Amino acid sequence: MEMEEGAAEPVRGNENPSEVPQEATSAVLELTVDEVIEDYVGALGVAQILHVLLASLAWFFDAQITLVTIFTDAQPKAWRCKVPPVGAGGGSSGCSGYISGPVCGLKPGTWEWVGSSSSSVIAEWNLVCDRKFLAALPASLFFMGSLLGATAYGRLADGRLGRKRTIMVACVLTSATAFLTSLSPNVLAYTFFRFANGLMRSGIGICCLVLSTESVGRKWRCQVGQYGFFFFTAGFLALPAMAYRTRANWRNLYRMVAALPLFYSVLLLPFVSESPRWLQVKGRNEEALDVLRRFASLNGKVLPPNIRLSNPSPTNMTDEVTGAGVAAREGEAKPNKSERIWSVKWAARRMILVMVAGFGVGFVYYGIQLNVENLSFNLYVSVVVNALMEIPAVFLGSLLLAFTNRRLLFLHSAFAAGVSCLLCIIFSLHRDPNDRHMHSAGNWAQLVIEGIGFMACSIAFDVLYIFCVELFPTSVRNFAVSLVGQAQMLGASVAPLLVVVGRMSPVVSFLIFGVLSIISGSLSLWLPETRNAPLYETLKQQEEEEKEKFDHSRKQGYSGLELEK
């Protein structure tokens, strides 16, 4: 002990207090990532805007990969009779002229689709009549692949790879599987590659959303979360133009959409920063501070040199035996590996409600888009109208999120979508299923109502993601968002089957869409409000602070259900 004191004395004796740098004498500022962003980096500056824009660009081609089957898997509007060869008995086949009705019962070889036989997979492989449900299988399995992949990508993004590298992996694999889809020799191979394509692309949207919202202050996270939906809309709007140019061959459309994610991952993604919140949760505090310093520099600000990131897991700070307490004092937080949504009652309950609501919203959102061919309207015009309705949905959603409660906004949007779908039934009651070319006033009215319903459903779809980001802490946030995406993909995987049914009875499809949308919106009444709530770092921290707020609210007479233990 004497030697240690003697060795320490010369160091203190050689120090002149007047010459000690400020950072050596000032107290260490131990702050959370939220506090650093709000107080020193800026809640939303040039750095975050560029970061969010670059991250959100991936949604552009993600929309096209997801919705490409609207065109590639569409049923041609009309067919015509072939000139029967001598002795073929064509006169008894009942085939004559140009017809838009069903071809079931006609002899094979006596008819053909109007236009190119390679215009869609249905035309190329004759997926009609007794093979009609095969036409729904590729789209259903695409969404099923997205469902399965969401869990894996969620764990990778929260765990080993992080947000940025997970996006890189997803983009490269999405590009590869989309190109392989264009080489499909038959419907079974096509179905397999669509499944693989859905599996690989499922990590793009969820990781981009989380990466964007974790870089800004609490005031702006819902607005920047909408950026991704804006680019999704832009990709959706560009799809009809791409499809029209490749309308003679569906394979060329897949080749076009396959090139975009590869270009993005090589040319733009390297300029995107990793999430400082994820870096801190994984114990990489210095890297998190480096990201925050770069953001601050681009925003024209400087972080104080004595800043340290506080430990997001209070339990680690007292664990002297394992050394975690020392690590916390030194600013290097140990990652909490025990964080599991399903092991905490309130989090599991909350997750189940969000997932069930996500199932309904995903079913209706993707179902309405795939169902446009059952509107008795030009397919390209119908898709453009739906895509255009996404634009006011994004801006209106962003505006409303700025000053309204998430819970009520989701509820009202889902209700509006449901009512619109039910109103579409009126225009389908006396519809001739073979009349696909008549643009009557009734059809225009149905298209307008369907477009309004799609806009409302799009707002609900977008709000649910923002809602989920705010409902769960950093340690499980990406996994939670991935589960919502998983539930939405499960709903979307069922929707193509209903679209096939809608070709025979549009009333049934609109009725199911409407009822399910209303039920999904009602579930939000059992979720807590998150407007202006902080983004917590761990489940334990969130449980303690939410319970404290709930107890305080209950004393004041508030009866809402915020947290159950």
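Fair warning: this is a prediction, and the values are worked out from it, not measured in the lab.
The closest side-chain heavy-atom distance from Leu516 to Phe359 is below 4.5 Å. Using a 4.5 Å cut-off on side-chain heavy atoms (C-beta onward), Leu422 and Ile518 make contact. At a threshold of 4.5 Å between non-hydrogen side-chain atoms, the residues Phe513 and Leu498 count as touching. Within the 4.5 Å cutoff, the side chain of Leu237 has no heavy atoms near those of the Glu390 side chain. Two residues are said to be in side-chain contact when any heavy atoms from C-beta on lie closer than 4.5 Å; Val383 and Leu239 fail this criterion. Side-chain atoms of Thr191 and Pro138, non-hydrogen and from C-beta on, do get closer than 4.5 Å to each other. Proximity of Trp59 to Leu209: side-chain heavy atoms (C-beta onward) are separated by under 4.5 Å at one or more points. Looking at heavy atoms from C-beta onward, Leu141 lies out of side-chain contact with Phe192 at the 4.5 angstrom threshold.
The distance between the ring centers of Phe71 and Tyr380 falls below 6.0 angstrom. Between Phe232 and Phe236, the distance from one ring center to the other does not fall under 6.0 angstrom.
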Inset, instruction - Decide yes or no on side chain to side chain contact (heavy atoms under 4.5 Å, CB included) for Arg255 and Leu183, but give the supporting numbers first. - result: CA-CA 9 Å; Arg255 290 167 188 146; Leu183 305 177; 3.9 Å; yes

Inset, instruction - Could you please spell out the steps behind the side chain to side chain contact (heavy atoms under 4.5 Å, CB included) verdict for Met200 and Tyr153? - result: CA-CA 9 Å; Met200 300 310 170; Tyr153 277 122; 4.2 Å; yes

Inset, instruction - Show your reasoning for whether side chain to side chain contact (heavy atoms under 4.5 Å, CB included) applies to Phe510 and Leu423. - result: CA-CA 8 Å; Phe510 286 121; Leu423 288 175; over 6 Å; no

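Taking CD1 from Ile459 and NE2 from His412, the interatomic distance works out to 12.5 Å, rounded to the nearest 0.5 Å.
With 3.5 Å as the limit, one finds a donor-acceptor pair spanning the side chains of Ser146 and Arg201. Side-chain atoms of Tyr190 and Asp73 form a donor-acceptor pair, as typed in the model, at a separation below 3.5 Å.
Checking Leu148, Leu147, Val484 one by one against Met489, the side chain to side chain contact (heavy atoms under 4.5 Å, CB included) holds for a single residue, Leu147. Each of Val481, Asp158, Thr166 was scored for a side chain to side chain contact (heavy atoms under 4.5 Å, CB included) with Val210, with one residue passing: Val481.
The cationic atom of Arg251 (NZ for Lys, CZ for Arg) does not lie both less than 6.0 Å from the six-membered ring centre of Tyr254 and within 45° of the ring axis.
Between the side chain of Arg163 and the main chain of Cys207, no donor-acceptor pair closer than 3.5 Å is present.
Phe415 CZ: more than 12 foreign heavy atoms inside a 6.0 Å radius.
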